[in-house]
Each structure stands twice: as structure tokens, then as C-alpha cells.
Amino acid sequence: MPAAQLHLVRHGEVFNPDEVLYGRLPNFGLSDLGKRMAAAAANDLSLRARPVSAIYTSPLQRARESGEPIVAAFGLPPRIEERIIEPTNAFEGRRMKGKGGALRDPRMWRHLYNPWRPAWGEAFRSISGRMLAAMDDAFDTAEKAGDGDVVMVSHQLPIWMAHRAIVGERLPHDPRKRRCALSSITTFERRDGRFVEVGYSDPGAPLAAAAVDVGAV
């Protein structure tokens, strides 16, 4: 069966007791709650009873760990895809708010002058471009093999950039209004050579009330 859908899955909650912005830093894995969220996403995909031919994950630990229950559910080896990684960020390793927070540090203000680029990291257009390229390549490979859907485990901002680019919205946005919850699944089909968003599910929602680290707010 040819690939009919591509599912972008956000990772589960990260163990982050110091409440820093972890970005691409190593050694930030899932919390126990995050592992349960990842299992909920895998269960959601399994219950759809759709054939899956390939599972890709960002190289970061939290994405790879979130992919593990999906890999187990479908019996497929994971493939690392560098292009679906978290963007670079000048605030990595820093707390953003409160005493000692980066937002109170005058040395960091130079990264805040243009939130529409954004000035603190990788440009929105760059993020969306690499995400769409990775999605196209994965979908093309699955179509040629003719054996099922594609799952890609990524991060909130890359998934949201793909969403906004595909639905035709401006890439600059309010981070507090991203519809991309922990372990959520955003689903696309490709019609006439273009991706179309066809679904969004939030299997981790019953667990979200207990989450401490939820990403951008």
C-alpha cells in the first residue's frame, strides 16, 4: 500500500528540574510522565490500524526516546533525520524568567530585538524549509517502496513551522498560541504534489495536567 499519510509527532515531557531552555543541548531525556505520553502517542497510531513503513526521529535524546514505543509498536528500525531537529537558540542552558533569568540579563537583550526573525536563533523560513524538504524526501521514499505511512518524531517549533507553511499562514507567530502539545500528532496527506493537513490529535492530553515542562508558553 503506498504511503498515504505523514504523521509529525512531538516528543513527550522532558526531565528538566532546573527549568532551563535546553534547545539542542545533550542529556535532556524524557521524564517518567514524558515516557507515558510517548506511549500514548504510539498507542494512538497503532489504533488507527494503518500500515507504517518508516519511522524517523530527530537526533536529540528526547525525540529518540519518544520514538521508542512507536518503533516497538510497528517493529521498524528508527532512522535519524537531522533536518527535523530543534532550531538553534542563543538562550540554550539558561533559565528565561525569574532571578538570574536570561530576560533580565542586559548581555542577552541583543538577541531579542527582532522576534519576527527571530533574532535569538535560526530563521523561521530556514526551519520550515528543512522540515518540508525532509517530509518530501521521506514521503517520496515511502511512495516508491509502496508500503505505508511515515512517522516523524520532532519538536514543537519545527512542527509548527511546517504546519504554518503548509496551511499558508505567516511564519512569525505568538509562541503561546502554538497548537502542538506534548506527544501530539499532526497528520498530512500529499495531494497534487502538495502537503495538506488532515488531522491533529492530542493523545497525551489526559496526562498534560501533571506536566511540569511544556516547552514554549
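No experiment lies behind these values; they were computed from the predicted model shown.
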Looking at Asp18 and Val20, would you say the former's side chain and the latter's main chain have a donor-acceptor pair under 3.5 Å? no
State the CD-CG distance between Glu86 and Leu157, to the nearest 0.5 angstrom. 6.5 Å
So which atom in Arg50 and which in Ala4 form the shortest heavy-atom distance, rounded to 0.1 Å? NH2-CB, 3.2 Å
Going by salt bridge (charged side-chain N to carboxylate O under 4.0 Å, His left out), name the residues that satisfy it together with Asp44, two or more places apart in sequence or in a different chain. Arg48
Apply side chain to side chain contact (heavy atoms under 4.5 Å, CB included) to residues Ile166 and Val196 and explain how you reach the verdict. CA-CA 7 Å; Ile166 288 168; Val196 177; 5.7 Å; no
Salt bridge (charged side-chain N to carboxylate O under 4.0 Å, His left out) filter on Arg36, not counting sequence neighbours, yields none
Is the closest side-chain heavy-atom distance between Thr187 and Leu6 below 4.5 Å? no
Rounded to the nearest 0.5 Å, the CG atom of Asn27 sits from the CZ atom of Arg62 at a distance of 11.5 Å
Give the intermediate values and the outcome of side chain to side chain contact (heavy atoms under 4.5 Å, CB included) for residues Val212 and Glu13. CA-CA 8 Å; Val212 176; Glu13 185 197 42; 3.6 Å; yes
Working to the nearest 0.5 Å, report the span between CG of Leu182 and CE of Met37. 5.0 Å
Minimum heavy-atom separation for Ala165 and Leu171, please, with both atom names. N-CD2, 4.0 Å
Those residues at least two apart in sequence (or on a different chain) that pass side chain to side chain donor-acceptor pair (under 3.5 Å) with Arg194 are none
Got a donor-acceptor contact below 3.5 angstrom from the Ser53 side chain to the Gly148 backbone? yes
State which residues pass salt bridge (charged side-chain N to carboxylate O under 4.0 Å, His left out) with Arg64; sequence neighbours excluded, sorted by chain then number. none
For Pro118 against Ala123, the heavy-atom pair lying closest together: CD-CA, 4.1 Å
What pairs of residues pass the ring pair (Phe, Tyr, Trp, His ring centres under 6.0 Å) test when at least one of them lies in residues 184-208, not counting sequence neighbours? Phe139-Phe195
Quick check for you: to the nearest 0.5 Å, what is the distance between Ser184 atom OG and Arg10 atom CZ? 7.0 Å
N/O donor-acceptor pair under 3.5 Å between Glu92 side chain and Arg24 backbone: yes
Would you check if the side chain of Asp213 reaches a backbone N or O of Asn16 as a donor-acceptor pair within less than 3.5 Å? no
Okay, side chain of Asp136, backbone of Asp140: is any donor-acceptor separation there less than 3.5 Å? no
Set of side chain to side chain donor-acceptor pair (under 3.5 Å) partners for Gln61, sequence neighbours left out: Glu65
Hey, what do you get for CD (Glu81) to CE (Met135), rounding to the nearest 0.5 Å? 11.5 Å
Should side-chain heavy atoms under 4.5 Å link Ile, Leu, Val, Met, Phe, Trp and Tyr, which residues sit in the same cluster as Val52? Val9, Leu45, Ile55, Ile70, Val71, Phe74, Leu76, Val151, Val153, Ile185
Under 3.5 Å, is there a donor-acceptor pair between the side chain of Ser183 and the main chain of Ala41? no
Sole candidate of Arg83, Glu122, His155 that passes side-chain contact (heavy atoms from CB on, under 4.5 Å) when paired with Ile127: Glu122
Can a donor-acceptor pair be found between the side chains of His173 and Arg178 at a distance below 3.5 Å? yes
So the ring pair (Phe, Tyr, Trp, His ring centres under 6.0 Å) pairs with at least one residue in residues 24-49 (sequence neighbours excluded) are Tyr22-Phe28
Is Asp147 close to Pro51 at the side-chain level, that is, under 4.5 Å between some pair of heavy atoms? no
Starting at CD of Gln156, measure out to NE2 of His163 and round the result to the nearest 0.5 Å. 12.0 Å
Using the side chain to side chain donor-acceptor pair (under 3.5 Å) criterion, which residues pair with Thr141? Sequence neighbours excluded. none
Does atom CZ (Arg125) have a neighbourhood of more than 12 heavy atoms from anything else shown, all under 6.0 Å? no
Pro158 side chain reached by Ile84 side chain, heavy atoms, under 4.5 Å: no
Considering residues at least two apart in sequence or located in another chain, which fulfil the ring-ring contact (aromatic ring centres under 6.0 Å, His included) criterion with His7? none
Can you name the closest pair of heavy atoms from Ser58 and Ile80 and give their distance? O-CD1, 4.2 Å
Applying salt bridge (Lys or Arg N to Asp or Glu O under 4.0 Å) as the test, list every pair that has at least one member in residues 195-207; sequence neighbours left out. Arg179-Glu197
Taking all atoms of both residues into account, what is the closest heavy-atom pair of Met152 and Val150, and its distance? CG-CG1, 3.9 Å
Checking Arg79 now: which residues fulfil salt bridge (charged side-chain N to carboxylate O under 4.0 Å, His left out) with it, not counting sequence neighbours? none
Between Ala38 and Leu30, the two heavy atoms sitting closest are CB-CD1, 4.2 Å
Sub-3.5 Å donor-acceptor pair from the side chain of Arg130 to the main-chain atoms of Ile85, do we have one? yes
